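Shown next, in structure tokens, is the structure this report addresses.
Model, not experiment: these values are computed from the prediction.
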Amino acid sequence: MSESEQKNKPNRRQQILETLARELETHPGSRITTAGLAKAVGVSEAALYRHFASKAKMFEALIDFAEESVFGLISKILVQENGVRDRCEKIVQVVLGFAEHNPGITRILLGEALVGENDRLRVRVGQFFERIRTQLKQSLREANLSGGERAAVSIDAAADTMLALIEGKLSQYARSGFSDKPTRYWSEQWPLLAQGLFRDG
């Protein structure tokens, strides 16, 4: 095979993950089988297992992608934004935006697509949301120490409120068959939420 042919050859591993995410999006409420996934990809089940040892490994790879995407952007927010209100708004917005653009992965993060799958996957998605809570609490804690704008309630209560908003909007999105976008009404909702969550030092 020539060098140009090698470059044009599809990345089969990536193709499998993209197809799995698409199948999760287009078949909400359905359990994805390796046989069905192999058919959608256009390969044999044996070919799937050459790239992933199990279906759980495929789900883990999509969770890895979610973590890298979301927390990579959050790291930039923590560097670029100093105000706690702006930091928290953008952290929440990043998660909502990622979910909106990745509906299939949203089903995984909510645990809906993991029914009957390996328990460690549920632990992984639980850790994903706990990391978001930790980032929010870190921003709130730093703000309380700075003497500027700070949480109007306890740090735990403020972080929990924002996390509940994230999880609620993701659940609405999945329940609507991905028609009710997570960022819908965001420009109206955040000022209302922020008014109750923050106060001047």
Side-chain angles (χ1 to χ4, degrees), residues 1-76 91-135 163 166-183:
M1 185 179 292
S2 69
E3 187 176 334
S4 62
E5 287 174 322
Q6 286 276 13
K7 287 180 180 177
N8 292 328
K9 188 180 179 182
N11 182 325
R12 186 69 75 192
R13 179 184 171 88
Q14 184 67 23
Q15 184 185 11
I16 291 168
L17 293 177
E18 288 174 357
T19 303
L20 174 57
R22 187 168 60 251
E23 289 292 295
L24 288 167
E25 176 184 353
T26 55
H27 298 89
S30 300
R31 191 161 184 263
I32 306 299
T33 65
T34 51
L37 179 60
K39 183 178 179 181
V41 176
V43 298
S44 66
E45 282 187 79
L48 290 184
Y49 290 120
R50 281 199 292 272
H51 296 278
F52 295 96
S54 65
K55 187 167 57 161
K57 290 293 185 184
M58 299 177 205
F59 281 123
E60 281 188 317
L62 290 178
I63 296 169
D64 286 342
F65 171 70
E67 289 176 338
E68 290 165 8
S69 301
V70 169
F71 295 108
L73 290 171
I74 287 176
S75 294
K76 291 179 181 177
I91 288 172
V92 174
Q93 206 166 8
V94 157
V95 184
L96 298 183
F98 176 84
E100 188 168 307
H101 289 97
N102 297 278
I105 298 177
T106 299
R107 284 190 60 201
I108 297 174
L109 296 177
L110 290 172
E112 176 197 328
L114 302 179
V115 176
E117 300 296 341
N118 193 300
D119 283 344
R120 77 172 181 272
L121 296 171
R122 290 186 174 279
V123 173
R124 283 287 307 277
V125 296
Q127 291 170 341
F128 174 84
F129 287 105
E130 282 307 309
R131 281 184 69 185
I132 294 167
R133 187 199 305 274
T134 298
Q135 297 286 5
L163 190 61
I166 290 170
E167 295 191 58
K169 279 186 161 289
L170 266 56
S171 293
Q172 283 182 331
Y173 187 37
R175 193 170 61 248
S176 71
F178 308 119
S179 61
D180 294 344
K181 305 297 186 186
T183 56

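Between the OG atom in S179 and the CD atom in Q172 there is a gap of 10.5 Å [rounded to 0.5 Å]. Interatomic distance, CD of E45 versus CG of L37, reported as 9.0 Å (0.5 Å rounding). We find the CZ-CD1 distance between F59 and I108 to be 5.0 Å, quoted to the nearest 0.5 Å. Atom NE2 of H51 and atom CD1 of I16 lie 5.0 Å apart (nearest 0.5 Å). Rounded to the nearest 0.5 Å, atoms CD (Q127) and CZ (R131) are 9.0 Å apart. Rounding to the nearest 0.5 angstrom, the gap separating the CG atom in L109 from the OG atom in S171 is 11.0 Å.
Heavy-atom minimum distance, Q15 versus V41: NE2-O, 3.7 Å. Closest approach of F52 to R13, counting heavy atoms only: CE2-NH1, 3.2 Å. Across S54 and Y49, no two heavy atoms sit closer than the pair CA-CE2, 4.0 Å.
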For residues 94-107, which side-chain donor-acceptor pairs fall under 3.5 Å, sequence neighbours excluded?
{"residue": "E100", "atom": "OE1", "partner": "T183", "partner atom": "N", "Å": "3.2"}
{"residue": "E100", "atom": "OE1", "partner": "T183", "partner atom": "OG1", "Å": "2.5"}
{"residue": "E100", "atom": "OE2", "partner": "T183", "partner atom": "OG1", "Å": "3.4"}
{"residue": "H101", "atom": "ND1", "partner": "G97", "partner atom": "O", "Å": "2.9"}
{"residue": "N102", "atom": "ND2", "partner": "F98", "partner atom": "O", "Å": "2.9"}
{"residue": "T106", "atom": "OG1", "partner": "A99", "partner atom": "O", "Å": "3.2"}
{"residue": "T106", "atom": "OG1", "partner": "N102", "partner atom": "O", "Å": "3.0"}
{"residue": "R107", "atom": "NE", "partner": "E112", "partner atom": "OE2", "Å": "3.0"}
{"residue": "R107", "atom": "NH1", "partner": "L24", "partner atom": "O", "Å": "2.9"}
{"residue": "R107", "atom": "NH1", "partner": "H27", "partner atom": "O", "Å": "3.0"}
{"residue": "R107", "atom": "NH2", "partner": "S30", "partner atom": "O", "Å": "3.2"}

Throw together a table of side-chain donor-acceptor distances under 3.5 angstrom for residues 60-70, partners on residues two or more places apart or in other chains.
{"residue": "E60", "atom": "OE2", "partner": "R120", "partner atom": "NE", "Å": "2.9"}
{"residue": "D64", "atom": "OD1", "partner": "R124", "partner atom": "NH2", "Å": "2.7"}
{"residue": "E67", "atom": "OE1", "partner": "R124", "partner atom": "NH2", "Å": "3.0"}
{"residue": "S69", "atom": "OG", "partner": "F65", "partner atom": "O", "Å": "2.8"}

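Applying the side chain to side chain contact (heavy atoms under 4.5 Å, CB included) criterion to R133, with sequence neighbours excluded, gives E130, K137, A159, D160, L163.
Considering only heavy atoms from C-beta on, F71 comes within 4.5 Å of I132 through its side chain. You'll find the side chain of L170 reaches within 4.5 Å of the side chain of F129, heavy atoms only.
Test K55, R12, M58 against L48 for side chain to side chain contact (heavy atoms under 4.5 Å, CB included) and you get one pass: M58.
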